[in-house]
Structures are given as structure tokens and as C-alpha cells.
Amino acid sequence: MFWKNVQRKYALTDHGVKNIQKGTLWTVIVNLVVICGMGILYKLMSGFMDTLTKGSPLPSLLLFIGVTALFLVISYTVHLQQYRATYGLVYGEVKDVRIGLAERLRRLPLGYFGKHDLADLTETLMGDVNRLEHVWSHCLSYLYGSAISTAIIAAGMLAYDWRMALACLWGVPVAFGLLFGSRKVYKKRSEENKKSAVRVADGIQETLENIREIRATNQENRFLEELNEKIDRNEKIMRKGELTIGIFVNLASVIMRLGVATTILTGTSLILGGKVDFMVLFMFLLAITRIYAPFDQALALIAEMFVSQVSANRLQEVHDTPTAEGTEVFMPKGHDIEFRNVSFAYDNQEVLSGVSFTAKEGEVTALVGPSGSGKSTCARVAARLWDVDKGSVLVGGVDISGVDPEVLLSDYSMVFQDVVLFDDTVMENIRLGKYGATDEEVLAAAKAANCDEFVEKLPNGYATPIGENGAKLSGGERQRISIARALLKDAPIVLLDEATASLDVENETKVQGALSRLLTGKTVLVIAHRMRTVEAADKIVVLADGKVAEEGSPAELLKKEDGLFRRMTKLQSAGAEWSI
Ligand code: ADP
């Protein structure tokens, strides 16, 4: 129970908590070995002193040397074990926690990433784990081990002489009481600290990402000033936090050390009163050093332990978020996509309500409707990038909410407007469509997507790096790469956020050619922005305010006198933009 709590509180893996237990055990052993060893050596030393006056000192000297050597060997061995348990093994834990976290993030529904910003997640993966690593390796075992060994030593001391024991030990609970009492203050400070660090990271990321727009609009000074202000504020908050922690930790340390003074005072008065002899005082002073030494180390880090709580909570939050799970066996009968009474909300705001329609295999189904009516959301839900709140989405008769997202997505190609490209060559960017595709396959897909034309002009053709997120390519070129990926993947379902929207006429014709090759025979769900696509569709689903307003073939819908589609078509042909 206690260890389960520790594991959760400090976001440890099962393996990690076992290491902390081992570390604790070795810390107890180290502390007891040292204090017992010192006691035994002291006894032998006084025996040796006696023999100096009363006969031959050689045997007791040899015994003293022998026991000292043995003590050193044992002490070295247990210290080594403690070191390995507390420091050595923890580095494996850091790796395991990071891998576990990354694995978890990989399986979280996409909605999670919409709610958390990237700077915050990077900070969790790197910063929080680093901070906790220090606590795992330097704090937990020492603190728990010292608490246990102190309890054992304290029991021995109390049994031996309760007055001296109290004089020795009163500082420990008072010091720790003070620290635990001030825990709330630490927590508040460290939350402030974390928030301001994320603000700085966000500011830097935002400035770097938008550097072109910032320069183009002459906003450099304003942005830099804001960033400087955030950094200054962060520094102030950090200083304030350190100062608060410093005051409490030092005060606790001083209180604990007052125990030495009270031990000497009590010891001296008891000696003067003839109640104990000098030996007892000496022994207690010896014991006190062993009690204070490990606590001193733990004390210096206990503040870190409290502060790390915020990091542990953030890590735990990632672990507590339910992942999108499902069976890896996905055997649909065909690839019709059926929406059955689907409702979906982002953050409690319902965006789709009771949506039902079917996108048939071998047909193009166009989603149309005003901006914000839920078209993109429909496409995301159709691929289980988000899970529906009510109703279900079926592919070939199988409810996709029970299918492993990775397995499911192997049946989907997506061509969205915001094409994500990586800082790699054109070739590798296209190869992402199909893991392990040969160069020939990649080149064939690229040719079919009309990529040849712009790639030939690049200095190294398909081997040219395209810069971070394809910064060196135009909108149309990026889309053609995205279509080439989809062609390479050749999945039975294609989700298309009308990819030709940002193209000029010549480019558009080329991309249309590529698209028609991609779409033949597939289940195609397209978020349509333009009449040309809409007219060519087999079926149109008109969305308004997250509901299906109309549904049918273009010809049928155009016949409806009062129909929304008919009205919108008229508006668009009059030049008004209604859907983007
Ligand atoms: P469309 O594609 O028809 O323009 P969307 O499906 O993109 O519509 O959006 C529908 C509604 O959902 C809009 O009001 C939009 O603001 C909101 N929305 C879209 N994405 C998110 C998100 N990640 N988080 C919260 N709200 C969102």
C-alpha cells in the first residue's frame, strides 16, 4: 500500500519502485553497519587503552586492526550496493519512463494533443523526467532508509538512556514537521515556476514559428520585448521560489543541529550529577553524527521532492488519460463508411449531433456546408482520430471504436490541406506513405501525382532536402507530395480535404489528374469547397450546424426548390464564398 502510493506519487514504473525499495534497504543497512561498526571499534579501542596500562597490548592491538580492516571491507561493500541501487539503477528508470511516456503519447487520442500545447508536452517528456530523476536517485531511498534506520537507532538510544535520547533526537521531528508544514508553499511556488517556464518556451516557439510573418509585418521589436518580459518574469519567480525553499531548508537544518548542543548540555549535567559517565555522552555524540548525516542529504533535497510533485502529477496525468485501444483484427466486409447517429463534442461544445449517412465504396461522397458546420470533424471521426461521444461509425460493418487506431489507419489515405512535411529529401517525404517502399514505387507514385515537374527543377531532384516542414515548397507542391504519399499507400479509403484549394489553374488541372488516379474504386469522403468537385460527386451530404441538412445526388439536390444546397450553389456561382 505504502509503496503503491510512492509509485503513483513519484510516477515510477513497477521496476523503478522495486529499485527504490532496494535502495531503501541498502540505506538502512549502510546506516546500521556504520553505527554498529563505530560502536564496536570504540569498545575495542577502550579495551586496547586498558591493556596499555595493564600488561601486553599486542593481542588487542592486532584485534583492533583486524576488526577495523573487516569493518572497512564490509562498509565499502554495503556502500557500493547502496550506490548501485540508488544511482546506477535509476538511470535505467529514466529511460523506461521516457519510453513508456512516448509509447503512451503515441496511443493517446488526437484530441489530447489539441488540448495540450507542444511546449508543455516536450517539457513533460524532458524537463519533468529530469527533475524526477534527481528525486528518484538522490532523495527517496535516502529519506525512507534514513527514517527506518533512525527509528531503529532511536529505539536503541531510548532503551539505553531516554534523557540523552530525547536531547539528541528532538530536532529531527521538529525539522521535518517544519518542512512538511511548508509543503503547500513549495507547491504553489513550483506551480508558478512551471507555468512561467512553459510561457517562456511557448513564447520562443511562437516567435520562431512565425518569424516570417513577424518580419514581414515589422513586429520584431514588439515580439522580442514581450519575450524579454516573459523571461524576466520567469527569473523573478524562480528567484522567489529558491529563496522560499532556502529559508525553510536552512531553518530545518539549524533546528536539527541544535540537537548537538542539547545533547552536550544534557550529557554534561548528567555527568556532573553522577548519573552517567563520559563514555555515554561520547557514544550519543557518535550516534548523532550518523543520524544527522543521511538526513542532511535528504533535507537538502526534500524541497526538491516537494517541488517534483508538480512534475510527477503531470507525468501521471499522461498515464491516466485513457488511450485509444482496440482489437488488431480488422476484417471489414468492403469499405463503406456508415455514420449512425453520431454526436461529438470538443470540450463540451457539441459540433456533430445525430449525424447519419453512408459513404459507399467506389463512390465519391462530398461533405459540403458553411464554414464551421463540422465537415473536418466528420472526416476526423471517420478515421477515429477522435472517438465519437454517441452513435457509431462503421467501416464495412465493423464499429471502428473497437479497432486499434494503427491497424484501422492502414486502410486510410488522407490528403488534408495542412500537409505535414519533414526536414528530409522529397523522396523520403513521399516514402512516408508506405513503409519500406522501393525507390521505383516512390518514383512511380510521384510521377502519377505530377511531382516530376517541380522536382526536376530542384538542385538534386528527389534527393533535395525540403527544409523544415517543407519551407522551401509552394502550397501546390506540398499538396502534390501529399497526394503522391496517398497514391503510394493505395489504401481503400481516401479522406480528402479538398486538396486543390490553394492551387492556381494550371496546377489544379495537374493535381486533379493525379487525384482521379488516386480515387478510382475507393471509398472517398471529400470535404468539398468548390462546385467542380461537388458536381462530380456521386453523393452530397450537406451539413449545417453539425446536422445533416440534406443528402442526395447533386442532380437531386439541385431540384429541391427550397434546398440549402441549391441556395448555396446559386450564391457561389454569383461569386460569394460560402464554404471555406
Ligand atoms: P468545418 O470543417 O465545416 O469548417 P470543423 O469541423 O472544422 O468545421 O469545425 C466545427 C466546429 O468545431 C467549429 O466551431 C470549430 O471552431 C470547432 N473545432 C474544430 N476543431 C476544434 C478543436 N480541435 N477544438 C475545439 N473546437 C474545434
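Remember, it's a predicted structure, so these values are computed and weren't measured experimentally. As the structure lists them, so they are numbered: ligands from 1, and atoms in each ligand from 1.
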Salt bridge E556-K560, side-chain N to carboxylate O under 4.0 Å: no
Parallel, tilted or perpendicular, as decided by the 30° and 60° cut-offs, for the rings of F339 and F357: parallel
L352, I527, T377: member with heavy atom nearest to atom 5 (P) of ligand 1: T377
Inter- and intrachain pairs under salt bridge (charged side-chain N to carboxylate O under 4.0 Å, His left out), touching residues 386-395, at least two apart: R384-D387
Min N/O separation V351 to ligand 1 under 3.5 Å: no
Atoms of ligand 1, numbered as shown, that sit under 4.0 Å from any heavy atom of R380: 20 (N)
Atoms in ligand 1 with a heavy atom of P370 nearer than 4.0 Å: 3 (O)
Any S371 heavy atom less than 4.0 Å from ligand 1: yes
R104 to V318 - nearest heavy-atom pair and separation: NE-O, 3.5 Å
Test salt bridge (Lys or Arg N to Asp or Glu O under 4.0 Å) applied to D404 - qualifying residues, sequence neighbours left out: R107
